[in-house]
Amino acid sequence: MKLKSVKKPAFPWFGMDIGGTLVKLVYFEPKDITAEEEQEEVESLKSIRRYLTSNVAYGKTGVRDVHLELRELSMCGRTGTLHFIRFPTAAMHRFIQMGRDKNFSSLHTTLCATGGGAYKFESDFRTTADLELVKLDELDCLIHGLLYVDSVGFNGHPECYYFENPSDTQACVKQPCSLAHPFPMLLVNIGSGVSVLAVYSKDNYKRVTGTSLGGGTFLGLCCLLTGCETFEEALEMASKGDSTKVDKLVRDIYGGDYQRFGLQGSAVASSFGHMMSKERRDSISREDLARATLVTITNNIGSIARMCAVNEKIERVVFVGNFLRINTVSTKLLAYAMDFWSKGQLRALFLEHEGYFGAVGALLELLKASEDP
Amino acid sequence: MATYVEAVRGSHSMDKSITLPPDEIFRNLENAKRFAIDIGGSLTKLAYYSTVQHKVAKVRSFDHAAKVSFQQESDGEPLYEISVQEEITARLHFIKFENTYIETCLDFIKDHLVNTETKVIKATGGGAYKFKDLIEKKLKLKVDKEDEMSCLIKGCNFVLKNIPHEVFVYAKHGDSEFRFQNTHPDIFPYLLVNIGSGVSIVKVEAEDRFERIGGSSIGGGTFWGLGALLTKTKRFDELLQLASRGQHTSVDMLVKDIYGGAYGCLGLTGDLIASSFGKSATAEKEFSKEDMAKSLLHMISNDIGQLACLYARLHNLSRVYFGGFFIRGHPVTMHTITYSINYFTKGEVQALFLRHEGYLGAIGAFLKGAEEDNPNQYCWGENYAGSSGLLSVSPELNPMQRERSGTFDMLEMDRLERQLVNLPLLQDSSSYIPDTVDLTEDTLAREYWLCCFEEALDGVVKRAIASQKDQPEAAERAEKFRQKYRDKLQTLRHQPFAYGSLTVRSLLDTREHCLNEFNFPDPYSKIKQKENDLALKSYQRVLKTLEELSWEQRQIALVRGLLAGNVFDWGAKAVSDVLESDPEFGFEKAKQQLQERPWLVDTYNQWIERLKGPPHKCALFFVDNSGMDIILGVFPFVRELLSRGTEVVLASNSGPALNDVTNGELQILTERIAAMDPAIQASLSEDRLTLVQSGSSSPCLDLSRLDKVLATVVRERGTDLVVIEGMGRAIHTNYYAALSCESLKLAVIKNSWLADRLGGKIFSVVFKYEVPSIIQGHH
């Protein structure tokens with residue numbers, strides 16, 4: 001479906017990214033509404049605005065990440081706040097029903113969506129809520145959204161950060177930085193699965209590889225191993241656990257470093273390797289298992305990212321995706337892995353709006369149509 | 001008669017009790033020296049070196065023979081004597097057994113070990129230090145630890161160099177599961193991905209130059225450990241079995257689960273796994289053990305495959321071998337790794353596996369201890385009689401295997417007397433495949449040949465006994481031979497891939513190995529002797545007849561003579577039946593049996609045209625049978641070539657096989673012929689006729705494993721014609737071999753099944769004269 005060339009798209013302005021596990025929704029709330037405008041505003045539009053901006057939780061599982069909202073943002077000639085909302089993909093059908101109940105289709109707005117769910121749920125949107133989706137490529141949206149958010153900054157602060165002294169747990173500190181010269185960059189998007197992109201400019205990129213060992217694997221395994229139910233719960237447990245009770249380290253095999261190959265004794269030789277023994281299986285806690293799962297998945301992503309960076313000859317590695325949300329164990333581990341294994345050649349960079357760039361990119365597509373002649 | 005050792009120790013008596021029949025396992029311990037041991041997580045591999053005394057048949061010319069010139073021998077007196085001598089050769093033994101038997105085995109070794117020179121045992125593997133005290137106490141040998149990785153690489157280099165068909169590609173849904181690869185003359189560089197509890201990725205550039213370029217902590221230990229947690233299944237094998245029954249799609253989130261279909265613009269198919277275990281993040285559903293195990297297996301295999309590809313690409317390597325306990329003959333993991341490699345490299349890199357992967361560490365450790373014996377300076381060959389071969393990896397298909405798993409697996413390698421190299425005249429040595437039919441893939445042919453060899457077994461046993469009439473226990477030994485070879489055939493019926501690709505050649509070679517094993521070094525020696533005697537008597541008559549013919553008539557007569565001689569083949573049942581029943585069957589009768597022209601394959605006219613042109617510089621002639629074949633067929637033909645000014649190199653077997661003429665016999669025969677025939681005498685003294693040994697003891701011919709001297713002679717003489725004679729050398733093998741010079745392949749098909757396959761009848765003639773296309777271009 002082609003976007004209509006109008007001056008400005010009709011409100012409400014949404015961008016949506018329907019992933020395998022989470023739906024990410026960005027909503028632009030105009031703060032410069034004139035009295036005249038407000039009078040003309042139809043009731044359903046008002047109700048949507050009020051519902052989204054006066055709540056921080058929607059239903060049982062929807063969440064607005066208030067700490068991420070971008071204030072006094074100027075978009076397409078309007079000023080307002082960009083809100084960041086997420087809910088599980090499993091709740092997608094309820095969301096569509098809500099769209100029908102709130103009579104969303106009467107607003108004649110365009111709903112721009114990306115992610116696999118844009119394809120999967122397209123017909124549900126049409127048949128249940130009488131809504132036509134504009135489907136957008138998820139990698140285009142990701143890159144455009146990322147560059148945009150970085151360029152507007154995070155309410156006066158930089159969007160991007162890295163870790164100083166990543167190899168020293170005591171001295172390791174988060175430092176803001178700028179992505180002023182972002183290209184080329186290796187972009188590692190960790191959602192349910194992982195995509196690795198080599199990005200040379202805004203519109204020139206390629207998907208280098210991907211792995212199925214991603215955030216979904218962490219959560220899926222944690223649920224099976226510990227009986228936990230949510231990402232937050234899993235991370236909470238992981239933060240208290242000790243993975244060395246689960247993993248077999250180099251020193252467990254060689255008594256110390258394996259000097260012939262320059263492997264440190266503390267390096268993991270076999271993830272879950274101790275679990276081959278029944279006695280060990282009986283002596284570990286759920287927290288240890290959660291931690292080991294987290295460390296295993298994170299190290300593996302780090303390792304693949306590093307190999308790709310070397311193969312593609314790119315020194316800047318940017319990690320995004322919702323796996324990194326409230327997950328300092330992983331961000332620090334990735335920073336360490338990039339630094340240590342590349343002997344300081346590679347730098348890991350992170351962004352505050354971890355998983356929302358696809359949704360932002362989708363919103364930009366909506367607004368872009370109006371700017372084109 | 002075997003003494004059985006019953007060892008019951010400690011509380012785990014059920015596990016540890018085992019009987020060791022010394023005839024079959026830990027053979028030759030009394031001559032053993034230089035021990036090495038590789039103790040892994042569950043299996044122990046023991047290696048030692050022994051010297052094997054076995055009988056070889058030697059021929060020796062009688063002293064008076066040289067003095068006789070044109071006179072015939074008086075009747076009844078053979079022209080050479082046959083003696084059986086003891087010869088000592090070196091053998092490497094490798095035995096694999098479960099760690100639970102280690103104590104029993106050490107006791108057994110202690111009881112049987114005679115040699116006291118041995119002071120040290122080389123040890124490697126994760127379990128080496130755990131059992132160090134036990135080994136030192138039991139064997140009174142000092143344990144000398146060797147680095148695991150260097151042993152692995154050393155062992156890997158060794159098998160890659162010495163064992164043909166060591167390497168295979170795994171194809172679950174192929175015509176045959178295993179596709180064996182040619183031995184590559186240059187094995188370096190390669191990548192070895194060792195999947196133990198973790199993964200090590202090693203780049204090997206030369207015999208002693210290798211580097212661990214990477215690795216991963218997600219390996220076999222992860223599959224085992226995480227699998228045990230998820231499924232409450234303790235054993236690795238059981239986990240694999242669970243996995244092979246499971247469905248990963250209920251646990252994994254696929255691309256189509258996210259997209260509703262494929263993600264077309266990135267070329268990601270709907271069935272691709274987007275997130276391993278992505279569907280298990282719910283408390284609402286129970287997942288089956290099988291499905292979780294399968295998902296885990298895919299996750300780990302894909303991850304390893306991806307890393308291997310990234311490293312292969314980074315270092316620009318295309319040969320990637322996979323090993324470690326995660327792989328070790330398990331079809332499930334070989335399949336998933338192969339799949340992963342294909343996916344990530346889009347087919348550019350093939351996942352390669354090794355038949356003796358489990359032995360690499362032990363072989364390497366052994367080699368480290370044996371450096372003063374210079375084992376790497378020799379060539380070694382797999383002894384089919386003493387090696388278990390690759391186990392069937394689908395146990396449900398083969399009930400025989402279950403008996404053996406959990407007990408002992410063996411590999412024996414014999415030191416070859418010489419260095420073996422490629423024939424320099426092969427058009428492309430890396431793509432050369434000696435064998436014409438791969439019986440691993442061709443089921444019908446396999447069935448036929450296995451039956452054929454089984455049916456011929458009675459005859460071979462009879463012949464073996466007859467060859468040692470003076471030895472009363474020969475019958476008993478022959479019976480043992482029968483049993484052994486029949487077992488091998490049985491094994492091959494179930495596991496055609498046991499020793500690499502199954503071919504008629506390997507069936508023949510296995511038979512020779514088994515005969516040797518029971519001290520029947522040359523069952524046909526007396527027959528050969530008699531037939532040589534007989535044929536020599538006709539030599540001059542045949543020459544005379546030929547000389548009376550016109551040039552054109554003579555050429556066809558020479559070829560027909562060559563073919564008629566080739567009928568005399570005791571290896572062919574159709575012929576041996578005739579020869580057994582009709583002792584009068586002679587050269588003339590053989591000629592009558594031959595097919596009339598046009599032959600089944602007939603390029604005789606081109607050959608004649610060629611002969612009208614300039615002579616060849618030098619012809620290399622791979623000869624076949626004793627008796628009529630060599631004396632009345634080959635020699636007159638060779639004589640004609642010599643008369644044209646072509647030098648001739650006669651290549652014959654180094655050791656006996658059926659009634660094929662051996663180098664030792666041929667030397668005596670040539671002397672005798674020279675004594676009768678001045679032309680041959682002159683060629684010999686002018687060094688225009690040379691005898692070399694092929695390096696082989698097979699009725700077939702592998703042009704990639706020939707005596708180094710032969711290769712040198714061929715090169716020095718500027719050989720421009722290769723003649724290969726006989727069914728074994730020109731049909732079963734080399735029928736499609738492409739040479740860089742002119743070649744003549746000729747044989748009589750003495751087997752009706754094979755003749756039928758080729759579209760002819762028994763005693764059909766193949767006369768295949770070929771000119772390589774490059775040379776053709778110049779004409």
Side-chain angles (χ1 to χ4, degrees), chain A residues 18-21 89-90 115-117 119-122 137 139 191-193 207 209-217 219-225 227-229 231 246-248 253 260-263 267-278 281 289 296 299-300 303-304 307-308 310-311, chain B residues 41 126 147 149-150 196-198 200 211-212 214-230 234 236 251-253 255-261 263 265-266 268 272-283 287 292 298-299 302-303 306-307 309-311 313-314 344:
Chain A
I18 313 169
T21 312
T89 308
Y119 295 81
K120 189 179 174 185
F121 297 103
E122 185 184 19
D137 180 76
L139 300 181
S192 310
R207 186 178 187 273
T209 189
T211 166
S212 70
L213 283 84
T217 315
L219 186 55
L221 278 175
C222 262
C223 290
L224 292 173
L225 293 171
C228 72
E229 287 182 33
F231 183 66
V246 178
D247 294 341
K248 201 175 254 188
I253 301 174
R260 194 177 188 307
F261 296 121
L263 288 175
V268 184
S270 172
S271 297
F272 288 85
H274 277 325
M275 297 297 96
M276 290 186 275
S277 123
K278 185 170 186 322
R281 284 201 294 276
L289 288 172
T296 301
N299 274 336
N300 190 61
S303 171
I304 290 171
M307 284 303 299
C308 290
V310 176
N311 267 338
Chain B
D147 174 69
M149 195 59 72
S150 16
S197 47
S200 283
E211 186 192 352
R212 185 187 189 276
S216 167
S217 68
I218 299 184
T222 316
F223 177 72
W224 195 343
L226 200 44
L229 289 168
L230 290 171
K234 289 173 205 155
F236 179 73
V251 183
D252 290 343
M253 187 183 281
V255 166
K256 67 179 172 208
D257 292 321
I258 302 176
Y259 273 83
Y263 183 4
C265 63
L266 284 183
L268 305 178
L272 191 71
I273 303 171
S275 173
S276 296
F277 288 90
K279 284 186 194 156
S280 68
T282 168
F287 296 91
M292 288 188 289
H298 276 302
M299 176 180 106
N302 286 340
D303 194 53
Q306 179 170 29
L307 276 178
C309 292
L310 285 169
Y311 281 104
R313 197 174 304 150
L314 188 64
F344 285 109

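To find a chain, count down the sequence lines: A is the first, B the second, and so on, and within it residues start at 1.
Looking at A:H274 and A:D247, their side chains never come closer than 4.5 Å, going by heavy atoms from C-beta outward. Counting heavy atoms from C-beta outward, A:M275 and B:L229 have side chains that approach closer than 4.5 Å. A 4.5 Å side-chain heavy-atom check between B:I218 and A:L213 finds at least one atom pair inside the cut-off. Annotation: side chain of B:S280 is not in contact with side chain of A:C223 (no heavy-atom distance under 4.5 Å).
Interface residue B:M149: backbone and side-chain heavy atoms are both found under 4.5 Å from chain A. B:D252 does not touch chain A: none of its heavy atoms, backbone or side chain, sits under 4.5 Å away. With a threshold of 4.5 angstrom between heavy atoms, A:L289 approaches chain B through side-chain atoms but not through N, CA, C or O. When heavy atoms are compared at a cutoff of 4.5 Å, B:F236 does not approach chain A at all. With a threshold of 4.5 angstrom between heavy atoms, B:S200 does not approach chain A through any atom at all. Of the atoms belonging to B:F344, it is side-chain heavy atoms, and not backbone ones, that fall under 4.5 Å from chain A. Looking at B:L310, the atoms closer than 4.5 Å to chain A (heavy atoms on both sides) sit in the backbone and in the side chain alike. Interface remark: B:M299 contributes backbone and side-chain atoms alike to the contact with chain A (heavy atom separation under 4.5 Å). The contact between B:L268 and chain A is made entirely by side chain atoms (from C-beta outward), counting heavy-atom distances below 4.5 Å.
Comparing B:G196, B:G278, B:A274 by how many heavy-atom pairs each has under 4.5 Å with chain A, the most go to B:A274. Contact count versus chain B (heavy atoms, under 4.5 Å) is highest, among A:T209, A:V246, A:I253, A:T21, for A:T209.
Taking the side-chain contact (heavy atoms from CB on, under 4.5 Å) definition, one finds that B:K256 meets it with B:L254, B:D271, sequence neighbours left out. Partners of B:Y259 according to the ring-ring contact (aromatic ring centres under 6.0 Å, His included) rule, which considers only residues two or more places apart in sequence or in another chain, are A:Y119, B:Y263.
Checking B:S275 against A:S192 by side-chain atom types alone, no donor-acceptor pair falls below 3.5 Å.
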